Amino acid sequence: MLYKLIETKSLLSRAIKRQFSMAWYCSGTSNTELVENLSRMDLIKNEQVKRAMMGVDRAHYAPSRPYSDSPQPIGHGATISAPHMHGHACEYLVNYLKPGCRALDVGSGSGYLTHVFANLVTSPSGDGPSGQVIGVDHIPELVELADSNMRKSEQGRELLDSGKVKFITADGRKGWAEGAPYDAIHVGAAAETLHPQLVDQLRAPGRMFIPVSAEDPTALGGQYIWVVDKKEDGSIHKEKIFQVSYVPLTDPPK
Ligand code: SAH
């Protein structure tokens, strides 16, 4: 019990230090500087991820402190996640976000990560294969916000008008069956469980990045990122990656 407490305390202090050091070192004065700092700190290692994040100005999605490496409120009790968390999600999913791939972004909120995913699944020159990204949120005002955020750039308008990106109001715990199967599923709010409908909607092979509330209520932060791989033969492999703190996936507000 004592050991567990000490272990928990040290995990908390490491998590807090990590949070502060990232915010301190990675924040920038421009989108380019922010992404360069994330790359310098090895939080983004993949060149495609770097290019995709360079291609989306966070000022269109997090107007108050766009280049700070910290979560920012976007209204309706939601936050845009910190840039380093967006970086982690992309790094884990990038092999399933090749040009032509299909992705589902559950809890799309500001729409920022949906846009970054769209940059990855579409060919930079526009003449290669083009995939599709579906962003799902259960708050209609946030679905509208994501749409209007993406319309702030010409490239964002093209993604929406061509149907390469769609924002949909729905309960993301059920996924979006109409667009399945997905090569990649990202969940941007903490689930109570690995919702089976989401796993069903993964392609084989495919990968899901999902924060899940820990079964052990004494665990600090109470949530872990799980990476769920559906192998080519349909078998499922799950791995608990690191501890996080996300807003929960819930019923829509009344
Ligand atoms: N990836 C987003 C995160 C937004 S915060 C970003 O970085 O901007 C989490 C989002 O999950 C909120 O927008 C919230 O409305 C949404 N959400 C919570 N429960 C949900 C549910 N059951 N279905 C769909 N979206 C949900």
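In this text, all values refer to a predicted model and were calculated from it rather than measured experimentally. For the numbers below, each heavy atom of this structure counts, side chains included, while hydrogens, waters and symmetry mates do not. We count ligands from 1, going down the list as the structure has it; atoms in each ligand are counted the same way.
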Go through ligand 1 atom by atom and flag the ones less than 4.0 Å from a non-hydrogen atom of [X].
X: S110; result: 6 (C), 8 (O)
X: I139; result: 15 (O)
X: A170; result: 23 (N), 24 (C)
X: D171; result: 21 (C), 22 (N), 23 (N)
X: T79; result: 3 (C), 4 (C), 5 (S), 6 (C), 8 (O)
X: S81; result: 6 (C), 7 (O)

Side chain, backbone, both or neither: which applies to [X] and ligand 1 if a contact is any heavy-atom pair less than 4.0 Å apart?
X: H86; result: side chain
X: P252; result: neither
X: V247; result: side chain
X: A78; result: side chain
X: A189; result: side chain
X: I80; result: both

Heavy-atom pair of closest approach, residues P83 and S70 | CD-N, 3.7 Å
Say you draw a straight line from NZ of K230 to CD1 of I185; how long is it, rounded to the nearest 0.5 Å?
-> 8.0 Å
Spacing of N46 atom CG and L93 atom CG [to the nearest 0.5 Å] | 11.5 Å
Looking at Y112, does the NZ or CZ of R58 lie under 6.0 angstrom from its six-membered ring centre and within 45 degrees of the ring axis?
-> yes
On the 0 to 90° scale, with breaks at 30° and 60°, tag the H186-F117 ring pair as parallel, tilted or perpendicular.
-> perpendicular
Which class fits the ring pair F242 and H88: parallel under 30°, tilted 30 to 60°, perpendicular over 60°?
-> tilted
Look at atom CD of E154 and say whether more than 12 heavy atoms of other residues, nucleotides or ligands are closer to it than 6.0 Å.
-> no
Taking atom CZ of R157 as the centre, report whether more than 12 heavy atoms of other residues, nucleotides or ligands fall under 6.0 Å from it.
-> yes
Does at least one non-hydrogen atom of L142 fall below 4.0 angstrom from an atom of ligand 1?
-> yes
A146 near ligand 1, heavy-atom distance under 4.0 Å?
-> no
Is there a donor-acceptor pair closer than 3.5 Å between any side-chain N or O of E192 and the backbone N or O of V212?
-> no
Side-chain donor/acceptor of Q201 to backbone N/O of W176, under 3.5 Å = yes
Identity and distance of the protein heavy atom lying nearest [atom]:
atom: atom 9 (C) of ligand 1; value: G188 O, 3.5 Å
atom: atom 1 (N) of ligand 1; value: G107 O, 3.4 Å
atom: atom 19 (N) of ligand 1; value: T250 N, 3.0 Å
atom: atom 15 (O) of ligand 1; value: D137 OD1, 2.7 Å
atom: atom 23 (N) of ligand 1; value: G172 N, 2.8 Å

Y67 vs D57, side chain to side chain donor-acceptor pair (under 3.5 Å): CA-CA, chis, key distance, verdict | CA-CA 9 Å; Y67 310 124; D57 190 346; 2.7 Å; yes
Using distance alone, determine whether H138 and ligand 1 share an N or O pair under 3.5 Å.
-> yes
State, yes or no, whether a side-chain contact exists between R207 and V227 at a heavy-atom distance under 4.5 Å.
-> yes
